[in-house]
Number of protein chains: 4
Amino acid sequence: MKSTDTYRKIPRQARALASVDAILEAAAQILQGGDGRFTTNAVAERAGVSIGTLYQYFPDKNAILIALARQELSLTGSAVTDSLSQRETGCELDERLRLAIRALIEGFHGRQRTRKALIEALIANGLSEELTRPVDEAMQDILSNAPRLPSGTIPKVRPVTAFVATRAIVGTLRAAIMEESSFIGSPEFEDELVRLAHTLLDSSH
Amino acid sequence: MKSTDTYRKIPRQARALASVDAILEAAAQILQGGDGRFTTNAVAERAGVSIGTLYQYFPDKNAILIALARQELSLTGSAVTDSLSQRETGCELDERLRLAIRALIEGFHGRQRTRKALIEALIANGLSEELTRPVDEAMQDILSNAPRLPSGTIPKVRPVTAFVATRAIVGTLRAAIMEESSFIGSPEFEDELVRLAHTLLDSSH
Amino acid sequence: MKSTDTYRKIPRQARALASVDAILEAAAQILQGGDGRFTTNAVAERAGVSIGTLYQYFPDKNAILIALARQELSLTGSAVTDSLSQRETGCELDERLRLAIRALIEGFHGRQRTRKALIEALIANGLSEELTRPVDEAMQDILSNAPRLPSGTIPKVRPVTAFVATRAIVGTLRAAIMEESSFIGSPEFEDELVRLAHTLLDSSH
Amino acid sequence: MKSTDTYRKIPRQARALASVDAILEAAAQILQGGDGRFTTNAVAERAGVSIGTLYQYFPDKNAILIALARQELSLTGSAVTDSLSQRETGCELDERLRLAIRALIEGFHGRQRTRKALIEALIANGLSEELTRPVDEAMQDILSNAPRLPSGTIPKVRPVTAFVATRAIVGTLRAAIMEESSFIGSPEFEDELVRLAHTLLDSSH
DNA sequence: AATGAATGAGCATTCATTCAT
DNA sequence: TATGAATGAATGCTCATTCAT
């Protein structure tokens, strides 16, 4: 039922690349539509591609979902770790943290309806781990490569703490998306999340 | 698309009540099974009841899911608000908060696999709001009936803060369940959540 | 599939009669409603009677339909033949014919929606002969007991002619009902049908 | 409830056309069979086609019925109007009328059992208007394009008259089919209908 | 007699996937 | 490579009818 390989064949030619892109874009659009119409045939049709071609590049329906999820969420993870691993001297810890949170919010912000549908679709197809994995990886990354405190010491963060902190933040963001909350764009929302994030670092005291 | 009424007819005879219970129990078991076998026919069969009987009490498939969700999660919400609204003199704020968190964790704790599957099924069937609603109601409840601070003043909690706080806690719990994390039973987990919860009350400073 | 006996048991007690009446009335009402909700359970419920009781008096669903059809259409046939067989001297043939047509129209006129639904239901349940039979019987009746012409001779009407004449008239009425035509109440409509009926008698020239 | 579009997709390949034909032919045969077995699965099976293929070309069960009805009755309407609109000089009015009636009868004549079942099926599925529509259109056509009288004047036919005339004729034909009457093939039957039809034209006197 | 809970065969429809062209 | 016709297992749901109470 689960597809381990995302792509059936690596598309080499320009034409093939265009097809894959069209398929993913079509998938995103249909997801955005919101009606329960996310079928392989519908995706192919919207992509202007035959259903046969679709199956040339994706072994099954889930593969499309996974590919789309990776595309949509990859920025997110890297943006956060990038922000956190910045080592420019002038950059205060507080500021770096805020930037990371901001990157995270922005990552989740765009194409909100698509993301909501994507999350639902992933879960509906038994691929919820596909959602938690990147979060966990980011967390591991942060833990092993944590930003130094002003004192220069590396904070010792317990696994539980890390778990709760990451899930709390991502869970809040996910809830905001799923409930189509208008908070998500506001500065107060960012403030609250930053405050939440401090929990992570303050726990080492 | 959505089923507003959970039950089609109120069961009067003992026989009927037994049927409804059997159906819900069968639903829980099948969900627990984890295969994508949650079909009305499968539920009826496992309940030892005909498909017709099933539909005598539930207007459609979703209604079963909703009824099960309410049964499984109702304790949760009320347990929390009960804990929070305790006004025994000797009971410190900290203690009350901890009790509320504990109630929440315990509500989510039992039958973990069933709950995970239930959550997935609710989302897969477009009923994700059924998950957020009780949380939101609890939040409203807390907001309008907040525990007094030691000083005797009622803390003014902004909506954003309340939103973030509730979603952070529930999001963490949900993640713990979905990832089948072993943290969920540990005291440290509870500690971390309590610390998180303080964020809500401390925001009025 | 077809029910030859309309009633399972002849209701003797007042209570039983009331039940039967209630059931037929409920059936008529539901038919009138027009939504495809004509189910035995729905009829029983509307009649304020249990489904078991319904089956005490009607062997199957079709029996209800047939009983209702006979009740609704019996007047029609007899009214026509009554009109046609009047032998009062002062009554001109033309006048008698008009009265017969009028009786027919009036028979079809009331409870138009119910009749339409009844016709549809009868056909849908393979009971279309239940509709044609009374017409045919009336025709036989007329043929063997035709009104005398002014000259005192009995007109010789060929079977084909009788067939066409009766079907033309009833067919027109039925169409008017099925199409919910507003013509059905107008005097011109009556005039036209009378003219049509003359075909029958004039054919013997 | 009603299917406005008869076809879901227009068949392009020869294979597809063959499928559609097979489905319609199978539908006709099953209808002819007379058992209440007109199910989509039965049609597909008899057509030697998978149920999926059936639904590729027909949006729902009713669409099959409608398509079949149009195929079976289309000739009818056009044949009549063709006959009526003939303007060859040598052709008398009487003759043209007779030809029209003959076309109508022939249209209804063939495959009598299929037609009976088709009519029943249309009505049973709430598509009775599908039966009256072509008649009404033909009537409108005749009204606006009536054959000239010998005198050269265009007869003014009142709507009621047209209604009664068309319904009388079609109603008679329908009755003949539904009752499986043997009259339908006889010359006398045609004569009677022609006489009936004269009613329409003679009404302008 | 009346009740109403239970039954289950049966049906319309969907959609991921294949494969001949 | 691309196409799209074909597949068919699978599913949600209805409703006439029975029978224990």
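Just so you know, these numbers come straight off a predicted model, no measurement behind them. Convention: sequence-line order gives letters A, B, ...; per-chain numbering from 1.
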query: Atom CG of A:L54 to atom P of F:dT1: distance rounded to whole Å?
result: 16 Å
field: Dot-bracket encoding per residue of DNA chain F, Watson-Crick/G-U cut-off under 3.5 Å, | denoting interstrand
entry: .||||||||||||||||||||
query: For B:Y57 and F:dC13, what is the distance between atoms OH and C1' respectively, to the nearest whole Å?
result: 17 Å
- request: Check every atom of E:dT7, E:dA2, F:dT3 against the side chain of C:Q56 and return the nucleotide holding the closest atom.
  value: E:dA2
message: Just so I know, are the side chains of A:L118 and A:L122 near enough to count as touching, which here means a heavy-atom distance under 4.5 Å?
response: yes
- request: Spell out, as yes or no, whether a donor-acceptor pair under 3.5 Å connects the side chain of B:K116 to the backbone of B:M178.
  value: yes
task: Indicate, with a heavy-atom threshold strictly under 4.0 Å, whether A:S19 touches base, sugar-phosphate, or nothing.
output: nothing
message: Run the salt bridge (Lys or Arg N to Asp or Glu O under 4.0 Å) test against B:R37 and tell me which residues pass, sequence neighbours left out.
response: none
- prompt: Distance-only, no hydrogens or angles: does the C:D60 side chain make a donor-acceptor pair with backbone N or O of C:N62 under 3.5 Å?
  reply: yes
message: Before you tell me yes or no, could you show the steps for D:L24 and D:F58 under side-chain contact (heavy atoms from CB on, under 4.5 Å), namely the whole-Å CA-CA distance, both residues' side-chain angles and the distance that decides it to 0.1 Å?
response: CA-CA 10 Å; D:L24 288 180; D:F58 298 91; 4.0 Å; yes
query: Just how far, in rounded Å, is P of F:dT11 from CD of B:E45?
result: 12 Å
message: Quick check on F:dG8: is either OP1 or OP2 less than 4.0 Å from any side-chain nitrogen or oxygen of D:S50?
response: no
message: Test of understanding: with side-chain contact (heavy atoms from CB on, under 4.5 Å), list the residues that count as partners of B:F38, not counting sequence neighbours.
response: B:A27, B:I30, B:L31, B:V43, B:K61, B:I64, B:L65
message: Tell me the interatomic distance from B:N125, atom CG, to F:dT11, atom P, rounded to whole angstroms.
response: 13 Å
- line: Separation of F:dA6 atom C1' from D:I23 atom CD1, nearest Å, is 11 Å
task: Could I get the full list of salt bridge (Lys or Arg N to Asp or Glu O under 4.0 Å) partners for C:E25, not counting sequence neighbours?
output: C:R111
- request: List the protein contact pattern of nucleotides 13-21 of chain E with one symbol per nucleotide (5' to 3'): B for base contact, S for sugar-phosphate-only contact, - for none; contact means a heavy-atom distance under 4.0 Å.
  value: BBBBBB---
statement: Sorted by chain and residue number, the salt bridge (Lys or Arg N to Asp or Glu O under 4.0 Å) partners of C:E130 (sequence neighbours excluded) come out as C:R70, C:R133
task: Tell me yes or no: between the side chains of C:S128 and D:E120, is some donor less than 3.5 Å from an acceptor?
output: yes
